[in-house]
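Report on the following structure.
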Amino acid sequence: MTTDYMFTMKCSEDGTFSDGGLHRFGKIEMHPAACVLNYGQGVIEELKTGTCTEDENGSRAHVYACTKPPTVEQFVEAVKLTVLGNRRWVPPPNKGYLLIKPLLIGNGPVLSVKPAPELTFLIFAASMGNNFKILKAQEEAKAGGFSDVLYLGSVHNRYVEQTSVANIFVVKDKIISTPALEGTVLPGVTRKSIIEIAHSQGYPVCVPVLFSHQSAASSAGILEPQVEERPLSIEEMLEAEEVLCTGSAVCLSPIGSIAYLGKRVHYKEPGPGGVFEQLYQALSNIQMGLADDDRGWTVTLK
């Protein structure tokens, strides 16, 4: 459901952004020669009310920006204004969330590979339910009764990368493993948050040898809690005890089963004592203000 207002701000001739504000939600005009349409010069972000830190998303936008973006402070302030302007669209607790979509658009016309002569920073919001977003590329999977597609790296066609909307975590023998941030694996903010929470709950970070077929801790006979960022094979995933996914839309969600080459594996239901329950409760308590946020992840709007 679209909301009432969106935030827009344009860069000045010296390359800095200023004079941004809220406007009624609506269509935007764009020149056919806009740099974003012809050369893909643009950045998208995604966050939602009650989750992760706007500073982290703002910092990530800086990393990916193809030209000079708004400052992190401008990013945070713009998010605050957008949320406050659309507060009536925030769903009740546990009924959904307000999805916040910041865009940095190279909308200035240019027909050569160079920075766009004009940039627009835009944020819009939408009221969403608690469900997976399905893109056209996932229609076949959805028709087969699946929620999403799990992608493997194209080099070896064996190592897990992510789903279309989320990062992946695998749990076995007190070890939490997730694909390392290499190649096309998205450096998700929720992914990073879960790793930090797991670390604070007694899962020290361990980075084993590249392309090991099993975790360094397992091969050494170590069964102490750990978090590993490393290449993760599909065979390991089929033998996991729990499989979780993280993302702005899905937050932290358990995966019930996966199918690969005609074989379907079901994972145990989430319950007390499980890793999912432990991590989800910790993250949810921070989001809902039920636990102290000593990391500065949340911003309270009044």
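Everything numeric in this text was worked out from a predicted model, so none of it was measured. Side chains included, hydrogens not; waters and symmetry mates left out as well; all remaining heavy atoms used.
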*Following the transitive rule for hydrophobic clusters with a side-chain heavy-atom cut-off under 4.5 Å over Ile, Leu, Val, Met, Phe, Trp and Tyr, establish whether Leu99 and Phe124 coincide in one cluster.*
no
*Would you indicate whether the side-chain heavy atoms of Arg191 and Glu229 approach each other to under 4.5 Å?*
yes
*With the side chain counted from C-beta on, respond yes when Glu29 and Asn107 share a heavy-atom pair under 4.5 Å apart, and no when they do not.*
no
*To the nearest 0.5 Å, how far apart are CE in Met237 and CD1 in Ile255?*
5.0 Å
_Applying side-chain hydrogen bond (donor to acceptor under 3.5 Å, both in side chains), can you list everything that pairs with Asn38, at least two apart in sequence or on another chain?_
none
*Report the distance from atom CE of Met128 to atom CG of Leu98, rounding to the nearest 0.5 Å.*
10.0 Å
*Do the side chains of Pro102 and Leu47 get nearer than 4.5 Å, heavy atoms only?*
yes
*State plainly whether one hydrophobic cluster holds both Leu252 and Ile258, where clusters connect Ile, Leu, Val, Met, Phe, Trp and Tyr through side-chain heavy atoms under 4.5 angstrom apart.*
no
*Where do Val110 and Ala116 come nearest, in terms of heavy atoms and distance?*
CG1-CA, 4.5 Å
*Phe75 vs Phe121 aromatic rings, parallel, tilted or perpendicular, using cut-offs 30° and 60°?*
tilted
*Atom OG1 of Thr8 and atom CD1 of Ile123: how far apart are they, to the nearest 0.5 Å?*
10.0 Å
*asked:* Could you measure the distance from the CD1 atom of Ile100 to the NZ atom of Lys80? Nearest 0.5 Å is fine.
replied: 12.5 Å
_Would you say Val90 ends up clustered with Met6 if hydrophobic residues are merged whenever their side chains have heavy atoms under 4.5 Å apart, either directly or through other cluster members?_
no
*Does CD1 belonging to Ile44 count more than 12 external heavy atoms closer than 6.0 Å?*
no
*Taking it one step at a time, do Gln226 and Lys174 satisfy side-chain contact (heavy atoms from CB on, under 4.5 Å)?*
CA-CA 7 Å; Gln226 293 193 48; Lys174 298 184 180 180; over 6 Å; no
*Report whether Val76 and Leu103 are members of the same hydrophobic cluster (ILVMFWY, side-chain heavy atoms less than 4.5 Å apart, transitive linking).*
no
*Check whether any side-chain heavy atom of Leu232 sits under 4.5 Å from a side-chain heavy atom of Pro179, and report yes or no.*
yes
_Closest non-hydrogen atom pair between Leu150 and Ile168, with its separation_ = CD1-CG1, 3.7 Å
_How long is the straight-line distance from CD1 of Ile176 back to CD of Gln278, given to the nearest 0.5 Å?_
7.5 Å
*Can you list every ring-ring contact (aromatic ring centres under 6.0 Å, His included) pair that touches residues 21-43, not counting sequence neighbours?*
none
*Member of Leu119, Leu104, Val113 meeting the side chain to side chain contact (heavy atoms under 4.5 Å, CB included) criterion with Gln41*: Leu119
_Do Ile195 and Val275 land in one hydrophobic cluster if side-chain heavy atoms of ILVMFWY residues count as linked below 4.5 Å?_
yes
*Does a side-chain heavy-atom distance below 4.5 Å link Thr178 with Ile194?*
no
_Ser147 side, atom OG; Lys142 side, atom NZ - distance, nearest 0.5 Å_ = 9.5 Å
*If you look only at pairs with a residue in residues 247-281, which of them pass as a ring-ring contact (aromatic ring centres under 6.0 Å, His included), with sequence neighbours excluded?*
Phe276-Tyr280
*Crowded around Asp294 CG? As in, over 12 foreign heavy atoms under 6.0 Å?*
yes
